[in-house]
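Since the structure comes first, as structure tokens, the remarks are kept for the end.
What you see is a predicted model, and the numbers here were worked out from it, not measured in a lab. When reading the values below, keep in mind they use all heavy atoms of this one structure, side chains included, and skip hydrogens, waters and symmetry mates. If you read the sequence from its start, that first residue is 1, and numbering goes on from there. In listed order, ligands and their atoms are each counted from 1.
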Amino acid sequence: MATAGDHCPSQAKGTEAICRLGPGGQDLVHLDARLGLLRGLLLDPIFNSQKPPLYHPWRSKVFVQGVEDVQGMPDCYLRGSMASQAVQLRQSSSSRPPLPVINLGRLSKDPATRALVIQDIARACREQGCFQVVNHGVSKSVMKGALEAASEFFELSPEHKELFASTDIRRPIRYDTSSRDGISKARSFLKHYANPLEDWVQYWPMHPPSYRQKMGEYAVEIQRVSMQLMDAILQGLGLRPLCMQEKLEKGVQFLALNNYPQLSHRGDKIGLASHSDYGFLTILLQSSPGLEVMPHGDDAWKSVPVIPGALHVHIGDHLEVLSNGQFKSLVHRAVLNPDEARISIASIHGLAKDEKVCCADELVDEENPEMYRESSFQDFLDFLPSNINNYKRFVESLKINRA
Ligand SMILES: O=C(O)CCC(=O)C(=O)O
Ligand SMILES: [Fe+2]
């Protein structure tokens, strides 16, 4: 709805745009600067684009003063380049906010900035169960290398891939094409451990020849990001910083490389059905759109956009347990892309195999009794066979029934 000015942005889907003058006659643009909103704002009015709004980070930057990275700003004031008007974008009451994008580089700034980022992460975890991170320090070439290595592996002849074929979930590396897990509909996958790299890399494919190097670089970088995120998340929960650092350093990193065919006219659109992941966190890289999430309190699937250079992060079952239900694990799925075959790399992070995860003592009291039984990754592996004909989320099996 326009209240002032005559160059209001066309409305991004599900958002309401309000134009008004900034204080003191200054042209201010107040943005609830989440990505979806930037799309609607920065291109249409400024570039007078006739095309549907697209996201161009470099273009956004041109019009933002004093803001290094627009994507990561949860809420900011920007100087507008449009004459005598300012724009405020607000969510319409009918739609949920877009998925948050967090600038992780700001974690290593001054303590006040760090505290704000921790707050943003905690809010994203509590309200949506997921967010994307930018400025995380993993280079685009490392991310591209990992996707290439995965894609070259899946392009190998069946003999090469079948060297790793197994239905035994205890194997350190496993390739499979058909659904035995209750959720795979149309995917082939390669799954293997990655942390510490020196223990696991010997099991990884020798073909393509660059696989170990490219995937190894990616895995190490993602493990580093997971440590940073867990540190922030634990602080966001009010737990002692670094309280689990050693356990997390020795923790499981499980890489799932997923390969989905292009959506065909006759086929089903689901590649991987609705589920949640077992660990604390999943960090996911996708070659093209296809990941869909069901943010908390929502009953509709939301597509996770591919933002160049960003990584998607979501909460797993064991973080729901650790937080005693303050952060809920995210239900998600993968749909087939109508334009191309798709690759995703999910890196799942948790504690070592036999290490038990329970509700943090600090988060349990009379008003908030313990809601989950303790369990380990090993317990999750033991639980999996029961899923073959009837998928059930691990976290559901851990809930303490107080009725
Ligand atoms: O392919 C995707 O985007 C989702 C993959 C996933 O959820 C998983 O591997 O657990
Ligand atoms: Fe998943």
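Annotation: ligand 1 has protein neighbours Arg187, Ala256, Asn258, Tyr260, Leu272, His275, Asp277, Leu284, Leu291, His332, Ala334, Arg342, Ser344, Ala346, each with a heavy atom less than 4.0 angstrom from the ligand.
Side-chain atoms of Asn337 and Gln262, non-hydrogen and from C-beta on, never get closer than 4.5 Å to each other. Within the 4.5 Å cutoff, the side chain of Leu147 has heavy atoms near those of the Leu285 side chain. Inter-residue side-chain proximity for Phe153 and Leu257 is flagged as unmet; no heavy-atom pair is nearer than 4.5 Å. Side-chain contact between Ser375 and Phe394 is present, with at least one heavy-atom pair separated by less than 4.5 Å. Residues Leu336 and Ile270 form no side-chain contact, since every pair of their non-hydrogen atoms from C-beta on lies 4.5 Å or further apart.
In this pair, Trp204 and Tyr211 present their aromatic rings perpendicular. The plane angle is above 60°, beyond the 30 to 60° band. Taking the six-membered ring where the residue is Trp, Tyr278 and Phe380 present parallel rings, their angle staying beneath 30° rather than reaching 60°. Relative ring orientation between Tyr193 and Phe377 is described as perpendicular, the plane-to-plane angle rising above 60° on a 0-90° scale split at 30° and 60°.
Excluding waters, the set of protein N, O or S atoms lying under 2.8 Å from the Fe ion (ligand 2) comprises His275 NE2, Asp277 OD1, His332 NE2.
Salt bridge Asp379/Lys356: present, at least one basic N to carboxylate O contact under 4.0 Å.
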